[in-house]
Amino acid sequence: MSSQPAASPMSLPNYLEARPGILSWLTTTDHKRIGVLYLASMMPFFLVAASFAVMFRLELFSPGQQFLTNDQYNRLLTVHGVVMIFLFIIPGIPAVFGNFFLPIMIGAEDVSFPRINLMSWYCYVSGAVLALISVAVGPPDTGWTFYVPYSVKTHPNVLLPMAAAFILGWSSILTGLNFVATVHRLRAKAMGWFEMPLFVWSLYATGWVQIVATPVVGITLVMVLLERFLGIPIFDPARGGDPVLYQHMFWIYSHPAVYIMVLPAMGVVSEIIPTFSRKKIFGYRYIVFSSIAIAAIGSLVWGHHMFTSGMADVARIVFSFLTFFVAVPSAVKVFNWLATMYKGSVWLAPPMVWALMFILLFSIGGLTGLINASLSLDVHLHDTAWVVSHFHFTMFGGTGVIFFAALHYWWPKVFGKMYNNTIAYLAAGIFFFGFLATYLPLFFAGARGMPRRYADYLPEYEIYHKISTIGSWFLFASLLLLLGNLVYSLFKGKRAPISPWGGATLEWRTATPPPTLNFDGEPDLSRGAYEYPEQVDHD
Amino acid sequence: MLLAASEITRAVDRAFFLIGGVSLLLLAGITVAMVILAVRFRRSRVRTTSQVGGHTVLEITWTVIPTIIVMWMFYVGYGGFALMRQVPKNHMVVDVTGKQWVWSFSYPKERIDASEMVVPVNTPVLVNLTAPPEDVIHSFFIPDFRVKEDARPGQASYLWFESERMGTFSILCAEFCGKDHSKMYTWLKVVSREEYEQWVEKQQMKKFRPLEVGAMMDPNNPGFGKDQLNIDGAVIFGAACVSCHGSAGDGSGLPGQARNMTILKDWKRSAKVTDIYRTLSEGIEGTQMRPYPNLTPWERIAVAHYVRSFSKEPRPEDTLEDCQAMIEEYGLDKVQAPKQTIPIERAMELLVMEAGGRALTGEDALRGVNP
């Protein structure tokens, strides 16, 4: 199929209109449609989980019980965590934007295994349905970590959400596998490894983490099943098992998982900053190696979640030591992004505003991570609101913000429509204010000893919770505004040009929206992914 | 953070302000650089760019310097941790058990159980942590002293602290443990040495005078520190009473007229603790129920509590006057704690840990760290 006859621009139908009908979408093997399917199935979960957070933040507005019982609070909290982690943040950027843009960026017509790609979406949907069923029959109340022995003793059935995590894990593995294979096998012949866009590099590194780390979820689930149904003692201390073993198993996956969440986001930043600075990315190879270093070192630091859980003291020291090293490649990336702006021509369009917001929020998340990584400090801060805030700064202020950056960056390409810029700026501004108001107070509360996952609290923490709750209203409103603006553009937006931002990567040199096999003829590889003329030729 | 009330607190806070301060400087640097770059090179001002793709010396610099900074941070964080794991030799010991959703405290040397934690000022306190094997993981957290360690079911762990101030500090559970996780807090009272000794004495008296109304047990809902009465009572009942009264207390033992204790009417004396105590002490004339002078006062009270639990009917309750009369009559306020023994609960705990393949107590772990 690669020897398509050359056709004049815009002669091929775009992927949205190529085959009409719901069924054609549900059976599609087009990586772009699968990306859109992911986006459409993901956003409702995101909004529901976000509204749960608004609800339990409302409960925390004052000490004492307002309108949620402890039990309801614990369940909302757990469902918020499980849905956000497994249905939004982990698949988010790779499954939506990776699927859509990875093949285009390397000049391929599709991923290596298009049908497996569709299957991974069905795994995602099945896992999501299973998670919904578990919510319907009795939402779990364990926190998203499902720590034993509580999770095997509590009344709500935690096997369903764990099984959901298992199936979602398959979706993640299949996507990772597909990306790794695609990068190796379908990269345009003229494109060398070090000519690939950095988003592709980050997805490639992420792909390996997904393949290597995710099976541990499955292994852990099988161990829980063996214990529960065959009575083989593994984790249950009442029968001679070791609950700390479960924590190891859980974090061996779930810590690398945070790099699965954040690496692709860093890749998106490495696309957006050069595009809006009209400038070659600074330190290309160092950014590549830092992605690989993050993937590698990130797989060896899971024990830093367990500094107070009874691990040997020597293990605590080693894990703390290793954890600090993860900070270095992240810092290298930040310095290179800033250096890219130097002597560029910076256009603060909405995607760039989101990307710069990411640098600020993610830096706060990363630097507070250094505080958490310190042994003696973590003993105090572990399982407090401090960690909740740190986690939300990295995951929401990091990956979440870049998900919105990517939405604004690629929306015109994906749907062929321009959104309203003024509203996009407004939403970003409210978001930034709401974000800081929601999460900064939690640092103070946590440093003063406010434990996390508390349905109620001592009065001395009230002021922090009040500010945080008010912040959450702004945050949620900004999300509605942001998504509303994008959805509205689908109906009333102006037609998007081929390259609204003047980007240099291949997706900006094919039709908007792209045709089914991505390119009208052979992709044009004469220009590098970060090659810009010295004189700005774009508004 | 909070008041600096101990050496550990100061070490942790110093590390916090050092590492946090450097982090804040870095954050300020990144933010200022970003704002300057975005303003200085804005498109309305700059139309001619310079396409520099990298700079090796710069890259090496901003890799090496952060590496040095984080190694220093590791070292600073490690310092306080080393302090946390080295328990001073002159420590006292409190065994703490976390159970959904309450902390209980037992002082093995002083032989007391308590639902609050009281320690003397300026004394290192070793806290041995565990949870019952059938319970879940909790985490013992005293924010003011910056110490926290999980209390795991059937396993042992430890932490220590020393307070330089008297006062009341919160003890919280930091590991999610179910419905009332957020209610699992209690208070640590740091008092003067004299006050502490008075408190210990009072607790010891209480233990050997459980006839005080405050120490009465609801058999259907035994509270903390009172489980021991039930356990001891059951053991003694099994040894001394079961042959006549039957294991269910229904009088189904050897043929005779042993009291069916599942029904409360027609008792010769009432089913109050004080009356059962009298029966155990004096027997009931004209029946086969003989006195049991070999039982200690504690054991008699334990049996009394235990046999009350056989009946599900409402039991007559002892009044304050009943208790005081009994204490005076039998001289219970003069009873001394037996010497040279360890509390039964401590022995049971050790057995449980051995049976679980982990005979490790906090002190053992300590010896491993500090040979």
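Note that the structure is a prediction, hence the values are computed from the model and not measured. Here is the naming used below: chain letters follow the sequence lines, and residue numbers restart at 1 for every chain.
Taking B/Cys177, B/Gly53, B/Pro66 one by one and counting their heavy-atom pairs under 4.5 Å with chain A, the maximum is reached by B/Gly53. Interface remark: of the candidates A/Gly310, A/Gly366, A/Gly344, A/Ala312, A/Gly344 forms the most heavy-atom pairs closer than 4.5 Å to chain B. Residue with the most contacts toward chain A among B/Lys183, B/Met184, B/Met73: B/Met73 (heavy-atom pairs, distance under 4.5 Å). Considering only heavy-atom pairs separated by less than 4.5 Å from chain B, the leading option among A/Ser363, A/Ser309, A/Pro451 is A/Ser309. Residue with the most contacts toward chain A among B/Ile19, B/Val46, B/Thr48, B/Val39: B/Thr48 (heavy-atom pairs, distance under 4.5 Å). The choice from B/His55, B/Gln51, B/Met34, B/Arg40 that makes the most heavy-atom pairs within less than 4.5 Å of chain A is B/Gln51. Of the listed residues B/Leu27, B/Asp135, B/Val147, B/Thr31, the one with more heavy-atom pairs under 4.5 angstrom with chain A than any other is B/Leu27. Of all the listed residues (A/Ala331, A/Ser320, A/Ser277), the one sharing the greatest number of non-hydrogen pairs under 4.5 Å with chain B is A/Ser320. With chain B as the partner, the residue from A/Arg316, A/Glu531, A/Met450, A/Met352 showing the most heavy-atom pairs under 4.5 Å is A/Arg316.
Heavy atoms of A/Val148 lying under 4.5 Å from chain B belong exclusively to its backbone. Looking at A/Leu458, only its side chain comes within 4.5 Å of chain B, counting heavy atoms on both sides. Only the backbone of A/Ile281 comes within contact range of chain B, judged by heavy atoms closer than 4.5 Å. Of the two parts of A/Phe276, only the backbone, made up of N, CA, C and O, holds a non-hydrogen atom closer than 4.5 Å to a non-hydrogen atom of chain B. Only the side chain of A/Ala327 comes within contact range of chain B, with heavy atoms under 4.5 Å apart. Residue contact with chain A, scored on non-hydrogen atoms closer than 4.5 Å, involves the side chain of B/Tyr185 exclusively. Of the two parts of B/Met84, only the side chain, counted from C-beta on, holds a non-hydrogen atom closer than 4.5 Å to a non-hydrogen atom of chain A. In this structure, chain B has a heavy atom under 4.5 Å from the backbone of A/Arg452, while its side chain stays farther away. Heavy atoms closer than 4.5 Å to chain B are found in the backbone of A/Pro533, but not in its side chain. Contacts of B/Ser44 with chain A are absent, with no heavy-atom separation under 4.5 Å from either backbone or side chain. Neither the backbone nor the side chain of A/Gln72 comes within contact range of chain B; no heavy atoms are under 4.5 Å apart. Neither the backbone nor the side chain of B/Leu24 comes within contact range of chain A; no heavy atom of the residue lies under 4.5 Å from a heavy atom of that chain. In this structure, chain A has heavy atoms under 4.5 Å from both the backbone and the side chain of B/Val52. Residue contact with chain B, scored on non-hydrogen atoms closer than 4.5 Å, involves the backbone and the side chain of A/Val332 alike.
Relative orientation of the B/Trp62 and A/Phe282 rings is tilted, given thresholds of 30° and 60° on the angle between their planes.
A salt bridge does not link B/Glu59 to A/Lys333: none of the charged nitrogens lies less than 4.0 Å from a carboxylate oxygen. Salt-bridge check for B/Arg85 with A/Asp313: passed, with a basic side-chain N closer than 4.0 Å to an acidic carboxylate O.
In this structure a side-chain-to-backbone donor-acceptor pair under 3.5 Å is present from B/Lys148 to A/Val379.
No close placement of the A/Phe324 and B/Trp72 rings is indicated, their centers lying 6.0 Å or farther apart. You'll find the ring centres of A/Tyr147 and B/Phe176 outside the 6.0 Å limit.
Side-chain atoms of A/Ser374 and B/Val76, non-hydrogen and from C-beta on, never get closer than 4.5 Å to each other. Put simply, the side chain of B/Gln155 reaches to within 4.5 Å of the side chain of A/Pro243, judged on heavy atoms.
Inspection of the A/Glu534 and B/Thr49 side chains reveals no N or O donor paired with an N or O acceptor under 3.5 Å.
Around the CZ atom of A/Arg239, the shell of radius 6.0 Å holds more than 12 heavy atoms that belong to other residues, nucleotides or ligands.
With A/His380 as the partner, the ring-ring contact (aromatic ring centres under 6.0 Å, His included) test is satisfied by one option alone out of B/Phe145, B/Phe161, B/Phe16, B/Phe141: B/Phe141.
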